[in-house]
*Asks:* 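Quick one: the structure is below, questions incoming.
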Amino acid sequence: MFLLPNYSAGSHVTGSEATTSEVGVSQSLTIAIDGPAASGKSTIGGLLAERLGYLYLDTGAMYRAVTWAALDDGIDVEDEQAVTQMARGLVINIETPMVDDGRQYSVSVDGAQVTWQLKYPQLDRCVSLVSVYPGVRHVLTEQQRRIASQGAVVMVGRDIGTVVIPDADLKIYLDASPEVRARRRYLELVERGEEADYERILSDVVGRDRIDSQRDVAPLKAALDAIVVDTDKLSIGEVLDVIEELVEGITAGSEERAGG
Ligand code: DC
């Protein structure tokens with residue numbers, strides 16, 4: 001069984017103290033943010049959830065947690081059956097962070113604290129492979145849908161608007177060129193004092209794009225009704241402004257319908 005007990009207990013409400021008055025929105029929208037690696041989904045998703053007082057779920061962390069567990073158990077990540085079986089029995093916890101070291105959330109896998117390990121470049125190279133496995137996707141998608149059904153959630157990933165919550169109130173697809181995304185990832189690593197090689201990161205980004213968008217199950221693509229935002233030349237604040245305007249539009253529309 002795969003559990004996210006702290007979600008059901010509601011403890012991972014990023015910025016739970018944030019008020020909704022800033023943007024004046026209802027508490028129950030479901031917001032899907034998809035896009036390729038390093039397109040800014042996590043940063044934007046986390047900040048948006050904080051501003052709205054919504055739950056924030058980075059589904060990439062779930063695929064990373066499964067990959068970490070496989071590597072830690074010495075399971076060959078190319079062994080689909082073994083990885084899938086292990087994923088079914090894994091207890092992944094994603095919680096509000098207790099430490100102030102720049103993390104958006106804390107992740108534990110079967111009790112082991114793994115938050116930063118999930119970001120290691122070695123893991124990047126395996127996670128696209130693991131996320132191709134239909135059995136792994138099934139286990140994680142079920143969990144994600146259960147969380148989304150509670151509403152008031154910002155969920156980020158690759159297939160949120162297309163597969164996980166196709167009826168989301170707002171679907172955003174964040175895009176950026178591979179070079180800009182690789183540069184962002186490079187700077188992130190340097191800032192954390194980790195080793196970083198731009199050319200290697202760029203080739204990883206391009207490789208992951210290819211695997212993520214060409215897989216048979218839930219490939220990376222914008223939903224037909226998603227709003228595509230190119231973040232190449234936009235700051236984080238500018239992207240947030242665009243999305244908040246869209247959220248306000250939805251809220252105003254539903255208030256108008258309710259009133260008239
Ligand atoms: O967003 P990220 O880089 O942390 O995602 C890690 C991997 O997980 C990425 O290679 C694609 C996969 N993923 C996915 O297939 N579906 C999701 N909803 C989220 C992530």
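Position 1 is the first residue of the sequence; numbering continues from there. Worth saying up front: this structure is predicted, and the values here are computed from it rather than measured. Remember, it's 1-based here, ligands and their atoms both numbered in the order they're listed.
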*Asks:* Please list, one pair per line, the donor and acceptor atoms closer than 3.5 Å that link side chains of residues 168-176 to other protein atoms, with sequence neighbours excluded.
*Replies:*
unit_1: D169; atom_1: OD2; unit_2: T30; atom_2: N; d: 2.7
unit_1: D169; atom_1: OD2; unit_2: T30; atom_2: OG1; d: 3.2
unit_1: K171; atom_1: NZ; unit_2: G161; atom_2: O; d: 3.0
unit_1: K171; atom_1: NZ; unit_2: P166; atom_2: O; d: 2.6
unit_1: K171; atom_1: NZ; unit_2: D225; atom_2: OD1; d: 3.0
unit_1: K171; atom_1: NZ; unit_2: D225; atom_2: OD2; d: 3.3

*Asks:* Does a sphere of radius 6.0 Å around CG in D101 hold more than 12 heavy atoms from other residues, nucleotides or ligands, not counting ones at 6.0 Å or beyond?
*Replies:* yes
*Asks:* Atom CD of residue position E142 - does it have more than 12 heavy atoms of other residues, nucleotides or ligands inside 6.0 Å?
*Replies:* yes
*Asks:* Of all heavy-atom pairs between V206 and P178, which one has the smallest distance, and what is that distance?
*Replies:* CG2-CB, 4.0 Å
*Asks:* Under 4.5 Å between any side-chain heavy atoms of T67 and L129, yes or no?
*Replies:* no
*Asks:* Parallel under 30°, tilted from 30 to 60°, perpendicular over 60°: which one fits the rings of Y198 and Y186?
*Replies:* perpendicular
*Asks:* For ligand 1, what is the set of protein residues having any non-hydrogen atom at a distance below 4.0 Å?
*Replies:* K41, T59, G60, Y63, R64, V127, S128, S131, R137, G157, R158, D159, I160, R208, D212, R215
